[in-house]
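Below, chain A is the first sequence line, B the second, and so on; all start at residue 1.
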Protein chains: 2
Amino acid sequence: MDELDSAILRHLQRDARQTNRDLARTLGIAPSTCLERIRVLRARKVIRGYHADVDPAALNRHVQALIHFQIRPFSRAIIEAFKAYAAGLPEVSTVYVVTGGDDMIVHVSTPSVDYLHGFLMDKFTERREVVGFRTSVIYQHTHNQVLEPLTP
Amino acid sequence: MDELDSAILRHLQRDARQTNRDLARTLGIAPSTCLERIRVLRARKVIRGYHADVDPAALNRHVQALIHFQIRPFSRAIIEAFKAYAAGLPEVSTVYVVTGGDDMIVHVSTPSVDYLHGFLMDKFTERREVVGFRTSVIYQHTHNQVLEPLTP
DNA sequence: TGATCGGCCGAATTTAATTCGATCTGGATG
DNA sequence: CATCCAGATCGAATTAAATTCGGCCGATCA
């Protein structure tokens with residue numbers, strides 16, 4: 001992980017579909033060198049994949065929310081099961097298992113507020129391990145696509 | 001946005017670097033047709049970009065957390081300013097502006113718990129608009145890379 | 001100093017992206 | 001019901017990129 005690797009990661013986080021030639025030219029190295037570096041980064045699982053970023057609105061997901069769950073009893077099996085259940089719902093994009101007042105925070109995106117309400121009622125209120133949840137509707141969210149290495 | 005567009009989005013969300021030829025063959029269409037569909041999806045901003053997914057641990061980000069902020073006074077200008085400030089910090093990957101008990105939720109990733117503590121003390125406690133914040137350390141998080149269109 | 005190794009380079013080859021004219025399809029219209 | 005039209009699709013030809021691989025360079029160590 002030298003400066004060249006960092007630069008490659010920086011550029012591929014920003015635009016994963018630029019050609020290897022362009023990237024190599026930007027970095028001032030040969031295309032074959034660049035290709036080999038990327039191959040190693042993938043083999044080492046530093047690069048986990050390449051994903052298209054799709055506008056949620058185009059997928060009829062106009063309302064997003066964070067749902068804060070309290071789960072009881074708090075055991076590994078229960079947490080794992082609930083996490084798997086939530087992650088399998090098509091409305092759910094991210095599941096966080098966390099410390100603090102809540103046990104799990106789930107990011108969902110739905111067509112409308114009505115849909116969100118029905119979704120929460122149908123999918124979560126009946127589950128025994130859910131002793132409570134709170135909904136935070138998301139007004140805005142900004143995502144930092146490019147993460148730099150941090151120095152300790 | 002017919003079924004073919006949805007299929008293209010599904011495949012590009014999963015793997016944005018498969019070749020156009022492979023994608024076309026998977027979908028049973030000509031490469032030129034597939035290319036044109038993708039061109040239109042990009043022009044319509046349905047596809048917003050392509051990003052490499054990099055392992056945070058490889059960037060020395062071993063500890064992640066969600067920070068829940070309460071901001072006062074609660075005005076557009078204050079919220080916007082704080083959002084811009086938070087989003088500009090390299091440790092921050094996502095900023096959510098939300099309804100509910102908290103005003104903003106910020107996803108951060110840092111090298112260690114010590115770093116996280118110092119970061120929070122240095123970057124947030126001194127800001128006047130921050131009247132309080134709570135930290136939820138993230139034990140696990142699963143991300144659903146492929147979002148399907150929802151029917152209302 | 002000389003040997004060795006790992007990484008880098010660049011030319012050659014293979015493969016893919018892109019372009020564009022021809023063809024097809026489905027819907028509107030007389 | 002036949003015709004027309006517009007938009008989408010196709011496939012061959014061209015352009016450009018990915019990939020391979022043998023050789024070179026520079027750092028390291030005996």
Side-chain angles (χ1 to χ4, degrees), chain A residues 1-61 111 145-152, chain B residues 1-61 111 145-152:
Chain A
M1 277 295 293
D2 56 9
E3 178 48 43
L4 183 53
D5 283 331
S6 294
I8 289 172
L9 294 179
R10 183 160 52 244
H11 284 90
L12 288 181
Q13 284 179 90
R14 192 166 44 71
D15 177 9
R17 292 208 72 160
Q18 64 193 302
T19 67
N20 183 60
R21 293 178 102 81
D22 283 350
L23 179 52
R25 196 161 45 77
T26 302
L27 301 174
I29 60 177
S32 50
T33 302
C34 191
L35 201 67
E36 172 64 8
R37 289 281 193 144
I38 293 171
R39 196 191 60 74
V40 172
L41 288 170
R42 293 209 62 171
R44 288 172 50 201
K45 306 284 177 69
V46 172
I47 296 174
R48 300 192 290 199
Y50 303 98
H51 304 286
D53 173 24
V54 175
D55 182 357
L59 301 173
N60 193 29
R61 294 163 181 266
Q145 298 291 0
V146 179
L147 295 185
E148 295 283 342
L150 292 181
T151 53
Chain B
M1 278 294 293
D2 56 8
E3 177 48 43
L4 184 53
D5 283 330
S6 294
I8 289 171
L9 294 179
R10 183 162 49 244
H11 284 90
L12 288 180
Q13 283 178 91
R14 193 166 44 72
D15 177 9
R17 292 207 73 160
Q18 63 193 300
T19 67
N20 183 59
R21 293 178 103 82
D22 283 350
L23 179 53
R25 197 163 44 77
T26 301
L27 301 175
I29 60 177
S32 50
T33 302
C34 191
L35 202 67
E36 171 63 8
R37 288 281 193 144
I38 293 170
R39 197 191 61 73
V40 172
L41 288 169
R42 295 209 60 172
R44 289 173 49 201
K45 305 286 177 69
V46 172
I47 297 174
R48 300 192 290 200
Y50 303 98
H51 305 287
D53 172 24
V54 175
D55 183 356
L59 301 172
N60 193 28
R61 295 163 180 266
Q145 298 292 1
V146 180
L147 296 186
E148 295 282 344
L150 293 181
T151 52

* **Heavy-atom pair of closest approach, residues B/D53 and A/H51** => CB-CD2, 3.7 Å
* Structure fact -> Rounded to whole Å, the CG-C1' distance (B/L23 to C/dT15) equals 17 Å
* To do: Please report the shortest heavy-atom distance between A/L9 and B/V54, naming the atom on each side.
  => CD2-CG2, 4.0 Å
* Structure fact -> Scanning both residues in full, the closest heavy-atom pair of B/L59 with A/L147 reads CD1-O, 3.5 Å
* To do: Could you check how far CZ of A/R25 sits from P of D/dA18, rounded to whole Å?
  => 12 Å
* Rounded distance in Å - CD1 (A/I8) to P (C/dG7) -> 13 Å
* Out of curiosity, A/L27 CG to A/R10 CZ, how far, rounded to the nearest 0.5 Å? -> 8.5 Å
* Structure fact -> Atom CZ of A/R39 and atom P of D/dC21 are separated, to the nearest Å, by 13 Å
* Looking only at side-chain N and O atoms, does A/R37 come under 4.0 Å of OP1 or OP2 in C/dG7? -> no
* Asked: In whole angstroms, how far is the C1' atom of C/dG6 from the CG atom of A/D5?
  -> 14 Å
* What is the per-nucleotide protein-contact pattern of nucleotides 17-27 of chain C, from the 5' end, where B denotes a base atom under 4.0 Å from a protein heavy atom, S denotes such proximity for sugar-phosphate atoms only, and - denotes neither? -> BBB--------
* To do: Kindly give the heavy-atom pair with the smallest separation between A/P31 and A/N20, and that separation in Å.
  => O-ND2, 3.0 Å
* What is the distance, rounded to the nearest whole Å, between atom CD1 of A/I38 and atom C1' of C/dC8? -> 15 Å
* Asked: When A/I38 is tested against each of A/T33, A/L23, A/V46 for side chain to side chain contact (heavy atoms under 4.5 Å, CB included), which residue passes?
  -> A/L23
